[in-house]
Amino acid sequence: MIKLKRIYLPYSQDDGFRILVERLWPRGIKKSEAHIDLWLSDIAPSNDLRKWFNHEDSKWDEFNKKYYEELSKNNATETLKDIIRDHHVVTFLYSSRNEMHNNAVSLKYYVEKYL
């Protein structure tokens, strides 16, 4: 099972294995208090794609296409596949305020469909 959660929300044991799926470390979060098991920054969209998207909902469909293309060539997907296989619950942590259109949402869909 893959869950999604904003990193600014409180830690819960129900989160299972917690993976930060952001290229940049979230503002205002201390690493010692983040309760993450892995920061998989390489799975996040490239800096160019992240900046282009800029959390603009109108770019969501095109963002997904471009991000999936990046993921199809990304070796970090193998690491992610192994983690998901080895843990009953995995939570993708993200920092975006937009809960519907962010890279964790896109990544979850990609993993469920293609991995």
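Under the 4.5 Å side-chain heavy-atom criterion for ILVMFWY residues, no single connected hydrophobic cluster contains both V105 and Y8. A continuous path of hydrophobic side-chain contacts links V90 to Y109 [ILVMFWY only; heavy atoms under 4.5 Å]. Cluster annotation: I83 is not connected to I7 through the hydrophobic network of ILVMFWY side chains, with a link wherever side-chain heavy atoms come within less than 4.5 Å. Both I43 and Y114 are assigned to one and the same hydrophobic cluster, defined by single-linkage of ILVMFWY side chains at heavy-atom distances under 4.5 Å.
We find that K81 and E78 are joined by a salt bridge, their nearest charged nitrogen and carboxylate oxygen being less than 4.0 Å apart. Ion pairing of E70 with K66 is absent here, as no side-chain N (NZ or NE/NH1/NH2) approaches a carboxylate O to less than 4.0 Å.
Judged purely by atom type and a 3.5 angstrom limit, K59 uses its side chain to pair as donor or acceptor with the backbone of W52. Within the 3.5 Å criterion, the main-chain N or O of S95 finds a donor-acceptor partner in the side chain of R6. No side-chain donor-acceptor contact under 3.5 Å links D37 to the backbone of I19.
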Next item on the list: Apply side chain to side chain contact (heavy atoms under 4.5 Å, CB included) to S106 and W60, showing your working.
Entry: CA-CA 9 Å; S106 186; W60 178 243; 3.9 Å; yes
Next item on the list: Could you go through the side chain to side chain contact (heavy atoms under 4.5 Å, CB included) check for R18 and K5 one step at a time?
Entry: CA-CA 9 Å; R18 291 168 49 101; K5 188 173 189 178; 4.2 Å; yes
Notebook entry, point to check: Given the rule in the side chain to side chain contact (heavy atoms under 4.5 Å, CB included) test, do F17 and L38 qualify, once you have shown the distances and angles that lead to the verdict?
Noted result: CA-CA 8 Å; F17 194 87; L38 177 66; 4.0 Å; yes
Next item on the list: Evaluate side chain to side chain contact (heavy atoms under 4.5 Å, CB included) for I84 paired with I2, printing each intermediate quantity in order.
Entry: CA-CA 8 Å; I84 291 167; I2 299 173; 3.8 Å; yes
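Taken to the nearest 0.5 Å, the CG atom of L80 stands 12.5 Å off from the CG atom of N75. For the atom pair L93 CG and H35 NE2, the distance stands at 11.0 Å (nearest 0.5 Å). We find the CZ-NE2 distance between F53 and H101 to be 7.0 Å, quoted to the nearest 0.5 Å. If you take CE on M1 and NZ on K108, they are separated by 8.5 Å, rounding to the nearest 0.5 Å. Note that OG1 of T91 is 12.5 Å distant from CD1 of I36, once rounded to the nearest 0.5 Å.
No more than 12 heavy atoms of other residues, nucleotides or ligands lie within 6.0 Å of CD in E99, so this atom counts as exposed by the packing criterion. Atom CD of E62 is surrounded by more than 12 heavy atoms from other residues, nucleotides or ligands within 6.0 Å. E112 CD: more than 12 foreign heavy atoms inside a 6.0 Å radius.
Contact between L4 and A104 at its shortest, heavy atoms only, is CD2-O, 3.5 Å. Heavy-atom minimum distance, D15 versus P10: OD2-O, 4.5 Å. Closest approach of D42 to N74, counting heavy atoms only: O-ND2, 2.7 Å. Shown here for Y67 and N103, the closest heavy-atom pair between the two residues is CE2-O, 3.7 Å. The minimum heavy-atom distance between L20 and P26, with the atom names listed, is CD2-CD, 3.8 Å. A pairwise comparison of heavy atoms in W39 and R23 identifies CZ2-O, 3.6 Å as the closest pair.
By the 4.5 Å heavy-atom criterion applied to side chains, Y11 and E33 are not counted as neighbours. Side-chain atoms of W25 and S41, non-hydrogen and from C-beta on, never get closer than 4.5 Å to each other.
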